[in-house]
Amino acid sequence: MKHWLMKVEPSAYTIDDLERDGTTKWEGVRNYQARNFMRDEMRVGDKVLFYASNAKPSGVTGLAVIRRAGYPDPADETWTLVDIQFVKKFANVVSLETLKATKGLEKMVVTQKGSRLSIQPVTKSEYDIVVKLGKK
DNA sequence: GCCAACGTTGGC
DNA sequence: GCCAACGTTGGC
């Protein structure tokens, strides 16, 4: 079982949209590294931190789970889709600022300078720390 | 809106 | 295959 962080801008999709929809196709990834994670490594049941980028503030807004593993995008088979399912919305956003200030998350990809990757692997311990922060 | 970081493209 | 130019991401 792996853990992931998936970024999306609120103007495109939010945790509220996911709560309403239940599940959604994760469309629009146009980066090879991110695609390869979806295509090769994501499995049904993997846990996902749902991250809002370009937000006020940017941060993790809730949790999701992989519902369907990587499959070709019917619109363009170069690219890969997965389906994710809503798990929960955090009472409060766990902001990037908080992530950067939290012990144990120093190596988390999203806290690194210049980290633009929209699909990122997260360790179990990082995932657990963020879930705990989300309950506060 | 600015701009640093970084991925991609394309001329050579 | 190198690398400058260009485009995009995303924090601020």
Side-chain angles (χ1 to χ4, degrees):
Chain A
M1 141 101 61
K2 291 193 163 78
H3 300 77
W4 304 97
L5 179 146
M6 297 173 79
K7 281 184 194 172
V8 63
E9 299 194 20
S11 60
Y13 204 74
T14 68
I15 192 72
D16 292 316
D17 294 329
L18 185 60
E19 181 167 24
R20 183 197 63 219
D21 295 344
T23 64
T24 195
K25 294 179 186 177
W26 202 257
E27 295 175 313
V29 170
R30 291 294 180 270
N31 170 281
Y32 291 109
Q33 209 181 340
R35 179 202 65 183
N36 294 348
F37 281 134
M38 290 200 293
R39 188 188 60 190
D40 304 333
E41 298 197 41
M42 281 186 175
R43 297 290 177 267
V44 172
D46 282 0
K47 294 179 175 181
V48 175
L49 300 173
F50 190 99
Y51 182 92
S53 61
N54 266 324
K56 294 172 187 174
S58 295
V60 179
T61 55
L63 304 175
V65 65
I66 302 299
R67 175 66 179 276
R68 182 176 172 191
Y71 58 101
D73 184 342
D76 180 352
E77 302 208 343
T78 301
W79 301 105
T80 295
L81 306 180
V82 297
D83 295 353
I84 68 168
Q85 181 172 12
F86 177 80
V87 172
K88 77 178 290 186
K89 179 184 175 180
F90 285 163
N92 298 294
V93 178
V94 180
S95 68
L96 180 60
E97 187 184 9
T98 300
L99 296 175
K100 284 180 173 172
T102 301
K103 284 221 167 103
L105 302 183
E106 297 87 354
K107 292 184 177 170
M108 199 175 175
V109 180
V110 77
T111 64
Q112 308 305 306
K113 192 178 179 186
S115 161
R116 301 193 310 167
L117 192 58
S118 65
I119 309 277
Q120 308 178 352
V122 171
T123 67
K124 179 173 193 313
S125 97
E126 289 165 348
Y127 179 89
D128 289 342
I129 290 168
V130 175
V131 169
K132 215 174 267 182
L133 291 170
K135 286 178 181 165
K136 285 184 184 169

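Letters A, B, ... are given to chains in the order of the sequence lines, protein chains preceding strands, and every chain is numbered from 1. Model, not experiment: these values are computed from the prediction. What you see below is based on every heavy atom in this structure, not just the backbone, and it leaves out hydrogens, waters and symmetry mates.
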- Message: Would you say K7(A) places a side-chain N or O within less than 4.0 Å of OP1 or OP2 belonging to dG10(C)?
- Response: yes

- Length of the line joining M6(A):CE and dT9(C):C1', which is rounded to integer Å: 17 Å

- Item | Closest-nucleotide 5' rank along DNA chain B - winner of K113(A) and R30(A) | K113(A)

- Query: Would you call R20(A) and D16(A) a salt bridge, taking side-chain N to carboxylate O under 4.0 Å as the test?
  - Reply: no

Check nucleotides 4-8 of chain C for protein N or O atoms closer than 3.5 Å to its own N or O atoms and list the pairs.
from: dT8(C); atom 1: O2; to: R116(A); atom 2: NH1; distance (Å): 2.4

- 5'-most by nearest nucleotide on DNA chain B - N54(A) or S115(A): N54(A)

- CD of E97(A) versus P of dG10(C): gap in Å, rounded? 19 Å

- Message: Base, sugar-phosphate or nothing for K56(A)? Non-hydrogen atoms, less than 4.0 Å.
- Response: nothing

- Item | Residue pair E106(A) / T111(A), side-chain donor-acceptor N/O under 3.5 Å | no

- Does the gap between the ring centers of W79(A) and Y71(A) come in under 6.0 Å? no

- Is the phosphate of dG10(C), meaning OP1 or OP2, less than 4.0 Å from a side-chain N or O of S58(A)? no

- Take atom CG of N31(A) and atom P of dT9(C), then tell me their distance rounded to the nearest Å. 10 Å

- Quickly work out the L117(A) CG to dG11(C) P distance and round it to whole Å. 13 Å

- Item | Separation between NZ of K107(A) and CD of Q112(A), rounded to the nearest 0.5 Å | 9.5 Å

- Message: Angle between ring planes, W26(A) versus F50(A), binned at 30° and 60°: parallel, tilted or perpendicular?
- Response: perpendicular

- Message: Taking only side-chain N and O atoms of Y51(A), does any of them lie within less than 4.0 angstrom of OP1 or OP2 on dG11(C)?
- Response: yes

- Heavy-atom donor-acceptor pair, D73(A) side chain to L81(A) backbone, under 3.5 Å: no

